[in-house]
2 protein chains.
Amino acid sequence: MLKRSKQRESIKKFLISRYDHPTAETVYMNIKEEFPNISLGTVYRNLSLLADIGEIQKLSTGIGPDRFDGNPKPHYHFICKECGSVLDLNVTGLDHINVLAAQDFDGEIEGHVTYFYGKCSSCKAKRQTS
Amino acid sequence: MLKRSKQRESIKKFLISRYDHPTAETVYMNIKEEFPNISLGTVYRNLSLLADIGEIQKLSTGIGPDRFDGNPKPHYHFICKECGSVLDLNVTGLDHINVLAAQDFDGEIEGHVTYFYGKCSSCKAKRQTS
DNA sequence: TTAAGTGCAAAGGATTTGCAACAAA
DNA sequence: TTTGTTGCAAATCCTTTGCACTTAA
């Protein structure tokens, strides 16, 4: 079970090459150059599958459609309220966060997702006033 | 501008009375008891408006439809992977998180949202094995 | 050979929107 | 009055799905 497919491999390779966390639609447009007949359904299917087996990450930012990250390792993201861009964030010293959350909680905490919000550097430069 | 409306007030009051972070659909069903003719569109409009002016919070968990929280103050949430319930989480000692994130970042960090994932206490009790 | 993957198109769920009627200020 | 708000229905956006065909193993 789980055969390889050229389409899936292309999607994964594409995601690894990008650092802007593209949407399914963007993936679709780009994979089309190599596979002109690929369908959006196939893109969605493969993105879900890759996320399920932990080879990529799905980002639900709450703003617009889901985005996808070719880097499967846990890390943090920043979302610019101004332009909507999603950036990787290098945050260290947050490993204890699950422990802190577990302190006052009866269930079992397996992980967490954090999105930081604000203004990216270029939007910040554009206007000093809010 | 911004007139009061009985519908909006009822929606807010309802949200404040609930601690399970209901969806728009659930809000709709409940408000219908007081306003049988209210439409789902009105519910969505008011939920968006209330979230925009900071009187409630919209929660985009990445699982299912958005949920709404009558408590506008920043706090943390836990999502049970098993049953899908969304619980408030009392986490202290995380005030420095924005500062940590800003350390290696040129833009401006205004806030963050964190969702913890795992098994809630009752789902944990149901089966010891994963 | 056979089970997984694909393309296509239709369906689905969640949310938004245009508009005429209504209600708050 | 004036302008925000509503109910209704249609539209839109994003994502999933059924099915017959194709392809990897």
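Letters A, B, ... mirror the listed sequences (proteins, then strands); counts begin at 1.
Look at OH on B:Y44: it is 16 Å from P on D:dC13, rounded to the nearest Å. For A:L49 and D:dT17, the CG to C1' distance is 15 Å, given to the nearest whole Å. Atom pair A:N46:CG and D:dT23:P shows a separation of 16 Å (rounding to whole Å applied).
The side chain of B:T42 places an N or O atom within less than 4.0 Å of a non-bridging phosphate oxygen (OP1 or OP2) of D:dG7.
Listed nucleotides: D:dT15, D:dG7, D:dG18. Nearest to the side chain of A:R45: D:dG18.
Heavy-atom minimum distance, B:N30 versus B:T26: ND2-O, 2.8 Å. Pairing each heavy atom of B:F68 with each of B:K58, the nearest pair is CE2-CG, 3.8 Å. Among all heavy-atom pairs drawn from A:F14 and A:V27, the shortest one is CE2-CA, 3.9 Å. Pairing each heavy atom of B:L59 with each of B:H21, the nearest pair is CD1-CD2, 3.6 Å. For the pair A:Y115 and A:S60, the tightest heavy-atom approach, listed with the atom from each and the gap, is OH-N, 3.1 Å.
A side-chain donor from one of A:S10 and A:E34 sits under 3.5 Å from a side-chain acceptor of the other.
Ring geometry for B:F105 versus A:F78: interplanar angle of 30 to 60°, hence tilted. The aromatic rings of B:F116 and A:H112 are tilted relative to each other, their planes meeting at an angle between 30° and 60°.
Residues from residues 3-38 of chain B placing a heavy atom under 4.0 Å of any atom in DNA chain C, listed by number, are B:K3, B:R4, B:K6.
Chain B approaches DNA chain C within less than 4.0 angstrom (heavy atoms of the protein), and the contacting nucleotides run 5' to 3' from C:dA14 to C:dA25.
Each of B:L2 and B:L40 was matched to the nucleotide of DNA chain C holding its nearest heavy atom; the match closer to the 5' end belongs to B:L40.
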